[in-house]
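Below, all heavy atoms of this structure are taken into account, side chains as well, without hydrogens, waters or symmetry copies.
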Amino acid sequence: MAAPLLDFIRSPVDLRALSASDLPQLAEELRSFLVESVAQTGGHLASNLGAVELTLALHYLFDTPADRIVWDVGHQSYAHKILTGRRAAMTGLRQSGGIAGFPRRAESEYDAFGTGHSSTSISAALGMAEAFRQTGSKQRAVAVIGDGAMTAGMAFEALNNAGATNLPLLVVLNDNDMSISPNVGALNNYLARLMSGKFYAAARRAGEKVLSVAPPIRELAKRAEEHMKGMVTPGTLFEEFGFNYIGPIDGHDLTVLVETLTNIKRLDGPQFLHVVTRKGKGYEPAEANPCLYHGVSRFDPAAGIAEKSGSKPTYTQVFGDWLCDMAAADTRLVGITPAMREGSGLVRFSQEYPKRYFDVGIAEQHALTFAAGLACEGVKPVVAIYSTFLQRAYDQLIHDVVLQNLPVMLAIDRAGLVGADGPTHAGSFDLSYLRCLPNLLIAAPSDEDECRRLLTTAFLHDGPSAVRYPRGGGTGAAVAPGLETVEIGKGVLRRRGNDIALVAFGSLVAPALAAAETLDASVADMRFVKPLDVDLLRELATSHSLLVTLEENAIAGGAGAGVAEALSVLGVQVPVLHLGLPDRFIEHGDPQQMLAECGLDAAGIARAVRAHVAESQRAN
């Protein structure tokens, strides 16, 4: 058996010292290491297994880190991390104090651009290529974008801009949404190598020069070339953008990858390489079920992952069940997702109501305006969207939904801290950026049962609405069937205490109740961030010596700020302590540990209140 190669790879310099014939063995070793490593830490598996050969070929042929590789989204960058000196650090992947699950500029000089959200790679790489031109550098920029990320408008905006330049930008489309079909075989690999070769490029330039004196003939030749390429490749669209399209090629054939990329490096202008890969490649369970193995918790590689069942429902599951029940009761309801069917809990709805289910792709802006158009004509759209992804559609939310006061409902998942995915995926700001919008109703449930009732309330509201809830499970509260509502703008006093009142929103009601036992404090579950229950606030402010606002959101501009504003309007003078997420990005780790480090668990809340009271007493 050949000696292991991976043990000797400390950087791409070591990789480039190998013979090209060694790369297949290294690919297998990388793939085995990935399965074993991710099984211990959790993380993105299927997408990383599919990108092994492509990663090897790029680092083998490009002079990284001087040449920049920008990984779109970044959940296919684990092999990249391993090859760039972070193999040992993979034991702490996505763990507190460990390396991130996505590329980060502060983590490595090989991470050219920090990612986490989709469809940014072409724009960033184009900016780098232009910067190299400005400085006279011979460095190259490569954008690696997945097929799903090509559904976003930003990717096409960047293509449109890049195609009008003559910059040596390479865009690699990692097409992993299908297996390698027969037409992506020897013939297409041969054509790709031919079209990326110097002879083809030279012949094309010569032909253009000769035919330039006869424009009608030149146009006929151009159309004939496009027709021939269009018969065997899907590249006509990218050619129209001004790219030289090459592919599709087998993304697991290292010989083809190396030869094609070698040829591409010699070409001028923007190049587009279409590579077909298979999610989960090399690990049979992941190949069979790439969705299940997309993002995984710790598992036994030999046994694979068991389908989840039992235990208390998550907020996402509560939403998914509610959506189906509400759809049965109201035929106007439609469900919309920007490519997050599984993550947002829409699988059952998509199966039971396929004609009322719309996956618009990774296109959050379009999702909001599409919903606005539906609402204009009497349909009741529910947009299921992560808090961090809603940020990308803020303009559409303001101008197309809220300004027109349209009854579009946002079901905002992953509100607050999300754990291992870190700051790129945390929902830390939605209360701040939503609360300032006129017409918008905002609700924050404190448990699973309240979530269902607030979802119903928001859906039946005649105007724009948002219900935000955290990732995972809540308190384990039993969820009552039916479609009950609550009175809009009315909170509830969960505990009556003395002197101190904890004014809690959403996920922090539970730790507030626990902290209140040691503080003998009152606890208000506000339920609504907008409109606030001003009557309850007035009663609390006049009967307590300190109000403490609690939210799993940035303090700046959040729900607590709304409480302070309301008290000012009421003319009530009472000290207010604001507790929430600090004014910094919270690094990845265990969710409960992260909350504790922010002082938002029961012990931290009690500690902060006591410290504030003690400081006030000293000041007086």
Separation between CG (Leu45) and CD (Gln76), nearest 0.5 Å, reads 13.5 Å

Take the angle between the ring planes of Phe156 and Phe241 and call it parallel below 30°, perpendicular above 60°, tilted in between.
tilted

Take Val503 and Val548 through the test side-chain contact (heavy atoms from CB on, under 4.5 Å) and record every step on the way to the result. CA-CA 6 Å; Val503 181; Val548 182; over 6 Å; no

(Q) Given 3.5 Å as the limit, does a donor-acceptor pair link the side chain of Gln404 with the main chain of Val401, or not? (A) no

Check this for me: does any side-chain nitrogen of one of Glu287 and Lys279 sit under 4.0 Å from a carboxylate oxygen of the other? no

Any donor and acceptor pair, going by atom type alone, linking the side chain of Ser344 with main-chain N or O of Arg341 inside 3.5 Å?
no

### Query
Looking at the rings of His294 and His75, which for Trp means the six-membered one, are their centres under 6.0 Å apart?
yes

Residue set satisfying salt bridge (Lys or Arg N to Asp or Glu O under 4.0 Å) with Arg356, at least two apart, ordered chain then number -> none

- Criterion salt bridge (Lys or Arg N to Asp or Glu O under 4.0 Å) on Asp421 and Arg94, from CA distance to verdict: CA-CA 7 Å; Asp421 282 338; Arg94 294 159 40 99; 2.6 Å; yes

For Leu550 and Leu508, the nearest pair of non-hydrogen atoms, with its separation, is C-CD1, 3.7 Å

Criterion salt bridge (Lys or Arg N to Asp or Glu O under 4.0 Å) on Arg468 and Glu551, from CA distance to verdict
CA-CA 12 Å; Arg468 58 110 65 175; Glu551 61 189 302; over 6 Å; no

| task | Might you work through the side-chain contact (heavy atoms from CB on, under 4.5 Å) test for Val408 and Val382, ending with a clear yes or no? | result | CA-CA 6 Å; Val408 173; Val382 176; over 6 Å; no

Quiz item: With ring centroids as reference points, do Phe102 and His425 lie under 6.0 angstrom apart?
Solution: yes

Checking the side chain of Asn48 only, and the main-chain atoms of Tyr78 only, is there a donor and an acceptor separated by less than 3.5 Å?
yes

I'd like to know whether the aromatic ring centres of Phe429 and Tyr433 sit less than 6.0 Å apart in this structure. no

*With distance as the sole test, does Ser465 use its side chain to make a donor-acceptor pair with the main-chain N or O of His461 at under 3.5 Å?*
no

* **Ser446 versus Asp525, side-chain donor and acceptor atoms under 3.5 Å** => yes

(Q) Under a 4.0 Å threshold between the charged nitrogen and the carboxylate oxygen, would Glu450 count as salt-bridged to Arg527? (A) yes

Side-chain contact, heavy-atom cut-off 4.5 Å: Ile305 with Tyr293?
-> yes

Value for CG (Leu346) from CD1 (Ile336), rounded to nearest 0.5 Å, stands at 10.5 Å

Is Asp111 salt-bridged to Arg105, going by a charged N under 4.0 Å from an acidic O? no

Going by distance alone, is a donor N or O of one side chain under 3.5 Å from an acceptor N or O of the other, for Asp359 and Thr337?
no

For Pro445 and Val467 the tightest heavy-atom approach is CD-CG1, 3.9 Å

Between the CG atom in Leu434 and the CD1 atom in Ile442, the distance rounded to the nearest 0.5 Å is 5.0 Å

Phe528 meets the ring pair (Phe, Tyr, Trp, His ring centres under 6.0 Å) criterion, sequence neighbours left out, with none

Can you tell whether the side chains of Asp330 and Lys380 come within less than 4.0 Å, N to carboxylate O? no

For Tyr353 and Cys324 the tightest heavy-atom approach is OH-O, 3.6 Å

Check against side-chain contact (heavy atoms from CB on, under 4.5 Å), Val38 and Arg298
CA-CA 7 Å; Val38 176; Arg298 295 180 177 90; over 6 Å; no

The reported gap from CD in Glu487 to OG1 in Thr485 (rounded to nearest 0.5 angstrom) is 9.5 Å

Item to check | Main-chain N/O of Leu417 paired with Glu552 side-chain donor or acceptor, under 3.5 Å | outcome: yes

**Prompt:** Donor-acceptor pair, Thr388 side chain versus Thr424 backbone, under 3.5 Å?
**Reply:** yes

For a side-chain contact (heavy atoms from CB on, under 4.5 Å) check, start with the C-alpha distance between Met409 and Val383, then their side-chain angles and the critical distance, and finish with the verdict.
CA-CA 6 Å; Met409 175 183 159; Val383 181; over 6 Å; no

- [ ] Taking Glu364 for its side chain and Gln391 for its backbone only, find out whether a donor-acceptor pair lies under 3.5 Å.
- [x] no

Value for CG (Leu390) from CG (Asp413), rounded to nearest 0.5 Å, stands at 12.0 Å

Practice item. Verify the ring-centre separation between His117 and Phe389: is it less than 6.0 angstrom? Key: yes

His366 backbone acceptor or donor facing Thr369 side chain under 3.5 Å: no

Value for CG (Asp400) from CD (Gln365), rounded to nearest 0.5 Å, stands at 10.0 Å

Note to self: For a quick check under 3.5 Å, do Thr475 and Asp447 share a side-chain donor-acceptor pair by atom type?
What the structure shows: no

Using a strict threshold of under 4.0 Å (side-chain N to carboxylate O), is an ion pair present between Glu448 and Arg452? no

Residues Tyr386 and Ile412: closest non-hydrogen pair is C-CG2, 4.4 Å

Tightest non-hydrogen contact, residues Ala371 and Pro381, listed as O-CG, 3.4 Å

Minimal heavy-atom distance between Gly491 and Asp533, with the atoms involved, is N-OD2, 2.8 Å

query = More than 12 foreign heavy atoms under 6.0 Å from CD of Glu484: is that the case here?
reply = no

Does either side chain, that of Asn553 or that of Ser428, offer a donor lying less than 3.5 Å from an acceptor on the other one? no

Any idea how Trp322 and Phe459 line up, ring-wise: parallel (<30°), tilted (30 to 60°), or perpendicular (>60°)?
-> perpendicular

| field | Side-chain donor/acceptor of Asp449 to backbone N/O of Ala477, under 3.5 Å | value | no

query = Are the side chain of Asp72 and the backbone N or O of Ser121 linked by a donor-acceptor pair below 3.5 Å?
reply = yes

